Trainee: 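Below are the C-alpha cells for one structure; questions will follow.
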2 protein chains.
Amino acid sequence: MSVTIYDVAKKAGVAISTVSRVLNNTGYVSEKTRKRVMGVVEELNYEKNMLAVALMKKQTKTIGLIIPDITNHFYADLTRAVEDEGNRHGFNVILCNTDNDMEKEASYVSFLLQKNIDGIIFASPKKDDPNIKALCDKNPQFPIVQLGGEVEGVNTDKVLVENSQGAYDLTKHLIELGHESFGVVLGHRNSLASKDRLDGINIAINEANLRLVKQNILYGDFKMQDGLKSALQLLKSKNRPTAIIAATDLLAIGCYQAAKSIGLSIPDDLSITGFDDIEIAQAVEPALTTVTSPIEQLGVRAVEMVVSTIEKPKAYKEKTVYQPTMVIRGSTGTPVNNYTVSS
Amino acid sequence: MSVTIYDVAKKAGVAISTVSRVLNNTGYVSEKTRKRVMGVVEELNYEKNMLAVALMKKQTKTIGLIIPDITNHFYADLTRAVEDEGNRHGFNVILCNTDNDMEKEASYVSFLLQKNIDGIIFASPKKDDPNIKALCDKNPQFPIVQLGGEVEGVNTDKVLVENSQGAYDLTKHLIELGHESFGVVLGHRNSLASKDRLDGINIAINEANLRLVKQNILYGDFKMQDGLKSALQLLKSKNRPTAIIAATDLLAIGCYQAAKSIGLSIPDDLSITGFDDIEIAQAVEPALTTVTSPIEQLGVRAVEMVVSTIEKPKAYKEKTVYQPTMVIRGSTGTPVNNYTVSS
DNA sequence: GTGAAAGCGCTAACAG
DNA sequence: CTGTTAGCGCTTTCAC
C-alpha cells in the first residue's frame, strides 16, 4: 500500500512520534533529526493520510456549501469565491446542489455530517427551510452560516445583501424616467430573492403614490424560459406595463425575448431591469440595467465566518450586510407608450 | 461528543461487532438482535462516522473533478452532471478549479491524494498537462478519466467529443453560404479546445480549395472580453473576413460586441459562429449558430468509468467518443460584403 | 449467532 | 530532545 509514517520512522531510525513532530512542527526536534526525517520523507515520497488525522483530531478541514444550482451564474461565481477563500484557509469545500428541493437538501446535510465536515454555508436558504432549523436545534454549536437569506427563528451567523434596496433603487429609477405601470417577474414564491425584491419595489411605488396591480406580479422558476413566459403574459394583458422589473438577469433576458417576439423595442416600448449583473448583461442588446452584488466578497465573508467559528467557537452570532449597486445601461428609458400589441 | 458504535452496542447489550453486522447487513444476526439494535440506532440517532470507515476500508467514496473554471457555463453544466451521477452511485465529488494553472492543478492533485479520494476526472486537460502524466507514472492503477481532452502518451480511460467534427460542420456551413475569408477566434494556444477546432476548420477550408491566412487566427483567454478584442483586431485588418468562427459561445458573443461597436450587422456584414450552445446563445440578437455537445452524457459517462474502475479494477482502458451537433440560427448568412469599416 | 481483539495511520500525552 | 503508548470509530478475522 501507500507509504505510512511507520515506513518513514523505520527508515529514518526514529519513532513515529518524532516523525509526526517534524511533520507538524510541534515540540522540539534536533536540527539533525529533522533533516534526516525530511530526507526520508522526500525519498519515500510520503504523503500524510488526512483520514487518520481527521479521525484523530475530529477536524476534516472541509466545509459544505449548499446552493440551489451551480448552473446559475450567480452561484457559479459564489462557489468560485467560496472555494478560493476556503483553500486559502486550508479548507476544501464540498458542493451540494439542492434545486431548492428540501428533501435533497436534507439528505445532503446528513451526508455532510457523516463525512464529518467542519461547517456548512447555506446559500440562499428558502425562508421556511426546515433543515437549517433542525440542524441548529440538534446541534447549536455546529458552525453554520446563512448566506443571502435568513430562516425565521434560527440564530446563526449570516451574510446578507440588502436586495430590497437594490429593487428600490431600480424602481425609483424607473419612476423618475416617467414610468407608472410596472410588471414584476419573480422566481419561486417562497424564495427570499423574490420576497426582498418585491418589498423594495413596493416601497418605491408607494412612495411615489403609484400602485402595482397584483396581476402584474408573476412567479415562476428562475430560468430564462420562465422570464419569457411571464413577460409574454404581462405584455399581452389589458393593463400592460411600460416597465418590467425582473428578479434576475436571466429572467430579464427572457423578458427581452418576449418583447422581441411581439415586436416591442427596448427601451422605447418597454423598459426592463435585471438583478445580479452577470457577464452577459452587458452583451445583450440593449445592455441591461441591473444591480450588482459584491458576490466575491459575499463568499469571502461567509468563509471567514465559518472558518473562524470552527477554529475558535464563539458565544455570539454575527451578521454582515452588503449594499448592492445599481448599474444603469440601455434597457431603461422614458416610456413612449404609443405602441399596440398584436394579441 | 457524537454517538459512536460503542454507545449503541452498550445500550443494546451486544458487542460492537454485532452492531456493525446489522448496520452493514453482513454475516448472520438473529432477527431479534437486529430489531433491538436498529431500535437503539433510531433512539440514539446514531450516524456512522465515514472517516473511520474510510480509514479501515481504504475507500472514501469520493472522486475529484478537476476543471478550469466553474464560472464557465460549459463546466457548470458538466459539474452538475458529474455530481448528480456521482451521488447516484453513492460518491461525492470534490470540485477543483485550476484556471488552467498547472501548479494549482498539481497542488490540487496532491491534496486530493492526501484526502484519499478514490478517483479523479480531469476535464479538458491541456495537451501537455504534466500532472496527469506524473500521476499515471507513479500509480498506474489509480482510477483516472480524461474528459474532453487527451494528454499525449498517457494511457487512461477517456470520454471525448469530436470537436473537430463540429468545427468542420460549422465551417462547411459557412462555405456553402458563400463565405471565402474567415477569422478564427480561439482560446489558449495549447488547449485542446483550440487545437481540435482549428483542425476541423482547416480540413473544411482545404476541401473547398480556400485558404485561411495565418494572421486571421487569434488566440487569447476564454472570456467574453477576449472575443471582443480578437474580433476587433480581425475586423480592422486589411483582409477582414466575412465570417468569424469562435471557439466558444462566450467568445462569439464577444465578437457580437465588436461587430456592433463598429456598426457591422450580423449576419449581413459578418457571420459569426460559436461552440457549446450555452443557454444565452439563443437569447442574443441574432441567435447564435453554434454546435452542441451532450454535456450531461459526458459527465455521466465519465462517472460511470471512474466508479466502475474503482469498484472493480480492470486491466484495459476504454474510450468513448461523442459527436457534437450543429445548430443553425440567425448569426450566419450569405455575405453581403459591401460594408466599409471606420478605422 | 455473537463476542474479543487486532488493526487502519495518525496525534498527543507521558515518561525518560 | 526522543520513544512508548493509548486511543480516534470502525471492520474483520477468529474463536466460542
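Remember, it's a predicted structure, so these values are computed and weren't measured experimentally. All values below come from the heavy atoms of this structure, side chains included, with hydrogens, waters and symmetry mates left out. Chain letters run A, B, ... following the sequence lines, proteins first and then strands; every chain starts at 1.
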Trainee: I want to check something: taking the side chain as every heavy atom from C-beta on, are B:I120 and B:L112 in contact at a cut-off of under 4.5 Å?
Mentor: yes
Trainee: C:dC8, C:dT2, D:dG9: which one has an atom nearest the side-chain heavy atoms of B:V29?
Mentor: C:dT2
Trainee: Identify which nucleotide among C:dG3, C:dA13, D:dC8 has an atom closest to any side-chain atom of A:M56, counting heavy atoms from C-beta outward.
Mentor: D:dC8
Trainee: Axis-to-axis angle across the helix from C:dG1-D:dC16 to C:dG16-D:dC1, five pairs an end, to 10 degrees?
Mentor: 40°
Trainee: 5'-most contact on DNA chain C: B:G27 or A:V53, nearest heavy atom basis?
Mentor: B:G27
Trainee: What is the distance from atom CZ of B:R21 to atom OG1 of B:T33, rounded to the nearest 0.5 Å?
Mentor: 10.5 Å
Trainee: Is there any salt bridge (Lys or Arg N to Asp or Glu O under 4.0 Å) pair reaching into residues 294-303 of chain A, and which pairs are they, with sequence neighbours excluded?
Mentor: A:R301-A:E304, A:R301-A:E318
Trainee: Let me spell it out: for each of A:S30 and A:I16, pick the nucleotide of DNA chain D with the closest heavy atom. Which residue's pick is nearer the 5' end?
Mentor: A:S30
Trainee: Side chain of B:R21 only, please: which of C:dC14, D:dT11, D:dT13 is the nearest?
Mentor: D:dT13
Trainee: Need to verify one output field. Residue with the more 5' nearest nucleotide on DNA chain D, B:L51 or A:V14?
Mentor: A:V14
Trainee: Using a 4.0 Å heavy-atom cut-off, does B:S17 contact any base of the nucleic acid, only the sugar-phosphate backbone, or nothing at all?
Mentor: base
Trainee: Given D:dT2, C:dG1, C:dG3, identify the nucleotide with an atom nearest to the side chain of B:T33.
Mentor: C:dG1
Trainee: Phosphate oxygens OP1/OP2 of C:dC10: is one of them under 4.0 Å from a side-chain N or O of A:S20?
Mentor: no
Trainee: When you compare the side chain of A:S191 with that of A:F222, does any pair of heavy atoms fall below 4.5 Å?
Mentor: yes
Trainee: From C-beta outward on A:Y28, which listed nucleotide comes closest to its side chain: C:dT2, D:dT11, D:dC1?
Mentor: D:dC1
Trainee: Could you state the atom-to-atom distance from CG of A:L55 to C1' of D:dT11 in whole Å?
Mentor: 13 Å
